Amino acid sequence: MSETKKTDEAAIPQQTPASEGSADREVLLRVEGLTKHFPIKKGILQRQVGAVKAVDGIDFEVRKGETLGVVGESGCGKSTMGRVITRLQDPTGGKITFEGQDITRLSTGQMRPLRRDIQMIFQDPYGSLNPRHTIGSIVSAPFRLQGVEPEGGVKKEVQRLLSLVGLSPEHYNRYPHEFSGGQRQRIGIARALALKPKLVVADEPVSALDVSIQAQVVNLMDDLQQELGLTYVIIAHDLSVVRHVSDRIAVMYLGKIVELADRTSLYEAPMHPYTKALMSAVPVPDPKRRGQKNERILLRGDVPSPIAPPSGCRFHTRCWKATEICRTTEPQLVELRPGQRVACHHPENFADQAPQDTVLLSAAKKASELVPDAALSDGPAEKEPVAEKAPAAEKKPVAEKEPVAGKAPATEDTASEEAPEAAGSEASTSEAAGSEDAPEATASEPAEAAATAEAVSEAADTAPAPEAAEAAAAAEPAEEKTGPGAKSTPKATGKTTGKPAAGSGAEESSDE
Amino acid sequence: MTELSKTGAAVGEPAAARRSEAFLEVRDLKVHFPTDDGLVKSVDGVSFSLEKGKTLAIVGESGSGKSVTSLAIMGLHRLGARGKNVRMSGEIWLDGKELVSASPDEVRKLRGREMAMIFQDPLSAMHPYYKVGDQIVEAYRVHHDVSKKVARARAIEMLDRVGIPEPAKRVDGYPHEFSGGMRQRAMIAMALVNNPELLIADEPTTALDVTVQAQILDLIRDLQKEFGSAVIMITHDLGVVAEIADEVLVMYGGRCVERGPAGEVFEQPQHPYTWGLLGSMPRIDRETSERLIPVKGQPPSLINVPSGCAFHPRCPYADIPKGNVTRTVRPELEQVSTGHWSACHLPTEDRQRIWTEEIAPKL
Ligand SMILES: Nc1ncnc2c1ncn2[C@@H]1O[C@H](COP(=O)(O)OP(=O)(O)OP(=O)(O)O)[C@@H](O)[C@H]1O
Ligand SMILES: Nc1ncnc2c1ncn2[C@@H]1O[C@H](COP(=O)(O)OP(=O)(O)O)[C@@H](O)[C@H]1O
Ligand code: SF4
Ligand code: SF4
Ligand SMILES: [Mg+2]
Ligand SMILES: [Mg+2]
C-alpha cells in the first residue's frame, strides 16, 4: 500500500531494542508488553472472578508510512488492540509510545492534542455515523471538537475532504441513510482524515462491503496513503485483503502475536504453524487448484476461551507439532530471520528451536491427521536450506504424554460469534454510539444507551456503536452458563471498564 | 422420499407445462414484491437446472436476488404474512414436480425432506430455547414415523457425522452453548437428517473464520459425495465458488448475467460484470502490487432497474455495442459455448479481445 512495499523489506534497517536511535526514528508507534484484560464480575458484590484476556502481552512497532496488517480469527483481540493503541480504551498493562512520547497513561485531556494525530476507522459503515446529522456536520465534527479553523473555512475544507474520498461536495447537506455502505465508509474515512492524522487505525474497514465496492475503498485508502503519507494499521480477518494492503503483517492468536513479518515472508514462508494453517484455509479463486485439498490444513475444534487460555503456547491444543515444551513453556516472539519474528518452539520453514523435545502430545497426533502430507513437506521456502525440520508427524512417539489442560469449553467462544449479531440489532434500535460512556450500558438496555447517546450527541458521530454493543454482548456469556434464553435476554454483565470508546473525541463533546 | 414422489408426481403440475427432465429446473422465475416505494423486482427471469451430485454456485453482490431465488425454491416466500406480498411466476421443477403452482401444503411436505436449506445465521433456523438434539429429532420425526428414541439416536449420529465432538453429550446442549462453527454444523446436521436430495446453502460460511469455513466446506463436500445430493451454494466469495462449484450462475440486479461450468466461468468469463468481480478481488495466491480493478458506481436499485442492460451505468464497455443498444434493449442469455451462457450485447470479437488483452493480464 505504501512505497515501502516496493522496496525489499529486509533491506530496511531492522530496529533493535530501544538503544538504536536511528532505527527508532523510523518508528511512529511502539507497543511493548501491551495487555488489556476485561474483568468478569459476579454476584451482587460484583466480585471479580476472572478476566477476559483479550490482549495479553504484545509487542510491535509501526513505522512511518507503512501499513501494518493485523489478522487472526474472531475474538483473538484485534479490535481490542486497535482501541487500546488509539487510547479509546485504557490498557491494563504495558507501554504505548507515539512519536517517542509515552502515551500509555495520558488522561483524556492530555490525549486531546494527540487525537489529531491518531484516528480510527470502524468496521460498520452503518452504525458509526449518526443518522440525524448531515454529512457536513459529521465530517466537520473533528474541527469543532478540536477547535480548529481550517484555512478557507470549515465548509470549504469539508467539501475538499468529500471530493478527496470520491464523494461529491454537494453531499454536504445530505444524511447518512441516503448513502450506500461504500459511500458511508468513505464518509468515515473523510472524517478520520479531517485533522491530517499521522496514524490511522482501521478496524475491518472493508469487511462489510461487497467485493466490488471493497475494491473501491481499498484503492482509495491506497491513494490517500501515497498522497498524504499516512501510516496505517489495518485490522482485518480477510487474509487476501491483508496481503494486498500490508507491508508487514502481525498474526494474532488468543491475545498474542504469534508471528510478525513482512508480507512476502509471511505469505511465502510462514514460520508459525498457526499462520500456515490460517493461510492454507483461505479458498483460492482458481478452480484448477480444486481438489488439491491436500495442501489444506484443517484445524480441529474451536479457538479456546481467552478467559483461561491454554498453558505454554496457546496454540498447543490444536497444533500438530506440539510437544511437551509447548505445553509448559511459552515461546517468545523472536526474530528468527531478518524481519520475521515468530513465537514457536518448532517453527515451520526454519530450524527447530527445541530439537531435544520430540515427543508429540497426543492432541498433536490427532491434529496431524488433519494435516496433509503435501502441507508438511512442501515449504515454499525450501530455497533457503535452513535445517528444515522433519515433519512432525514422522516423529516416533515414544512415551506418550497424556493430554494437556483440555480444551476450554466452547461456550465462551459463542461470545465473539454472537457479537456481530447483537451489534447489528443494537445499532439499528438505538444509535447507541455513546453507550460505552454509560458505565453500565449493556446490550440489554438499548433505551438507556440511546438516551446516553442523545446526551453526547456529537459523540455519536465518532463513537463506534456496534463496538459498544459488541463488548457488552461479548462479555455476557463469559460470566456463566445461563439458560437457553440467554441470548434473547442478555444480562447486564458486560460492564465496560474502559473509558468511552469514542472516536475523535467523545469526551470533548460532553463539555461542548 | 420415494413414497412422496409416488404420491407427489401429480403435485401442482400445470396442464400446459413441459415437464422437466433435470432433477431441478428453474424456468423464468420471477419474484416481485410490491412495496410502498414501488415494485421490487428481486428476481426477474432466472433459469437454470441442476443434476444430482452436482453443485451450483450462485454469486453476486448483496441485493442481487440470490437469497430470494433460493427461498423461492424452498417455497418460503409464501408463508405467513410475507405470502400476501409476493408475486411469483415461472416454474420450479424438482424431481418431476412443479412447485410454483403447488399448494403451500404440498411444498411443505417436500421441505426438510426432499429439499433442505442452511442459512448464514444458524440462529434463524434453530430455536434458541430448545435443545439442539430435540430440534434435530423434531425435524426427523416430521418426515419419519419413528419413536423418539430412534430419532434421538439418529440425531446423535448426525451430530457425529458433522464433526461435533462428544455428540451424545452435545445433543442435549442449547444453541447458544455452541460456538458459531459448531452451531453451523448442528444446523447442517438438522438440514441433512432426512437425507435431502437438494441442499441449498445460503452463505453458510460468510460469518465464519476461514479456518471454520474450511471445515464446513469440507463437510458439505463429503456429505454430498456420500448422499449424492444436489447442492446450491450461495456466496459472494469467488474463492468458495472455485472450491466447491461445478456450475456457476452470476446474478446482477435480479437477473442471471452469466452461467456456465465453473472452470469456464473462471478461465473464459464472458460478461463484463463477471470481469469486474474477478478484478475487484484481492487474491491470496498472488503477490501483486497491481491495483485492484473495482467496478465503479453502485449496485442497481431493484425498483428502478436501469433500462436495457442493468449493468450499463457501471459497465466500461457500454458504448462499444452499436446504436445505444445497451441502454435500450435488455440482452438475453446467449450460449457462447456448450452450457456457457452470457447476457451481453458485446460482439464476440470485442469480448474476446477485451478479455484476453485487457482483463486477463491484470488478474
Ligand atoms: N468490553 C469488553 N468486556 C469484556 N470482554 C471483551 C470486551 N471487549 C472485547 N472483549 C473480549 O475480548 C476478546 C477479544 O475481542 P476483540 O473484539 O478484540 O476480538 P477481534 O479479534 O476484534 O474479533 P473479530 O474478528 O470478531 O472482530 C473477545 O473474547 C471478546 O469477547
Ligand atoms: N419480502 C421482501 N419485500 C421486499 N423486498 C424484498 C423482500 N425480500 C427481499 N427483498 C429485496 O430483494 C432484493 C434481493 O434480495 P436478496 O435475494 O436477499 O439479495 P442477496 O442477493 O443479497 O441474497 C433486495 O433488494 C431485497 O431488499
Ligand atoms: S509447535 Fe509448539 S510452540 Fe509451535 S505453535 Fe505448535 S504448540 Fe506452539
Ligand atoms: S450489454 Fe453492454 S452494458 Fe451490459 S454488460 Fe454488455 S457491454 Fe456492458
Ligand atoms: Mg473485531
Ligand atoms: Mg442473501
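Lettering of chains follows the sequences in order, A, B, ..., and the numbering in each one begins at 1. Model, not experiment: these values are computed from the prediction.
Side-chain contact between B:Ile284 and A:Tyr267 is present, with heavy atoms from C-beta onward closer than 4.5 Å. Between B:Gln298 and A:Ile213 the shortest side-chain heavy-atom distance falls below 4.5 Å. Within the 4.5 Å cutoff, no side-chain heavy atoms of B:Pro282 are placed close to those of A:Val218. Using a 4.5 Å heavy-atom cutoff, the side chains of A:Ser240 and B:Met281 are not in contact. When side chains are defined from C-beta on, A:Pro283 counts as touching B:Gln213, because their heavy atoms get closer than 4.5 Å.
Between chain A and the residues B:Gly279, B:Gly239, B:Pro299, B:Gly276, the largest count of heavy-atom pairs under 4.5 Å involves B:Gly239. Between chain B and the options A:Ser212, A:Gly181, A:Ala281, A:Ala277, heavy-atom pairs under 4.5 Å are most frequent for A:Ser212.
At distances below 3.5 Å, not a single donor-acceptor pair connects side-chain atoms of B:Asp285 with backbone N or O atoms of A:Pro285. For B:Gln215 (side chain) and A:Leu299 (main-chain N/O), a donor-acceptor pair under 3.5 Å exists by modelled atom type. Put simply, the side chain of A:Gln216 never gets that close to the backbone of B:Ser280: no donor and acceptor are under 3.5 Å apart.
At most 12 non-hydrogen atoms from other residues, nucleotides or ligands lie less than 6.0 angstrom from NZ of A:Lys366.
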Exercise for the section: Report the C-alpha separation of B:Asp209 and A:Ser74 in whole Å, then their side-chain angles, then the decisive distance to 0.1 Å, and conclude whether the side chain to side chain donor-acceptor pair (under 3.5 Å) test is met. Expected result: CA-CA 7 Å; B:Asp209 281 313; A:Ser74 181; 4.6 Å; no
Practice task
Report the C-alpha separation of A:Gln214 and B:Leu292 in whole Å, then their side-chain angles, then the decisive distance to 0.1 Å, and conclude whether the side chain to side chain contact (heavy atoms under 4.5 Å, CB included) test is met.
Solution key: CA-CA 10 Å; A:Gln214 176 177 307; B:Leu292 299 174; over 6 Å; no
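Remark: A:Ile297 CD1 to B:Thr211 OG1 distance equals 12.0 Å, nearest 0.5 Å. Here the CG-CD distance, from A:Leu209 to B:Glu61, works out to 11.0 Å after rounding to the nearest 0.5 Å.
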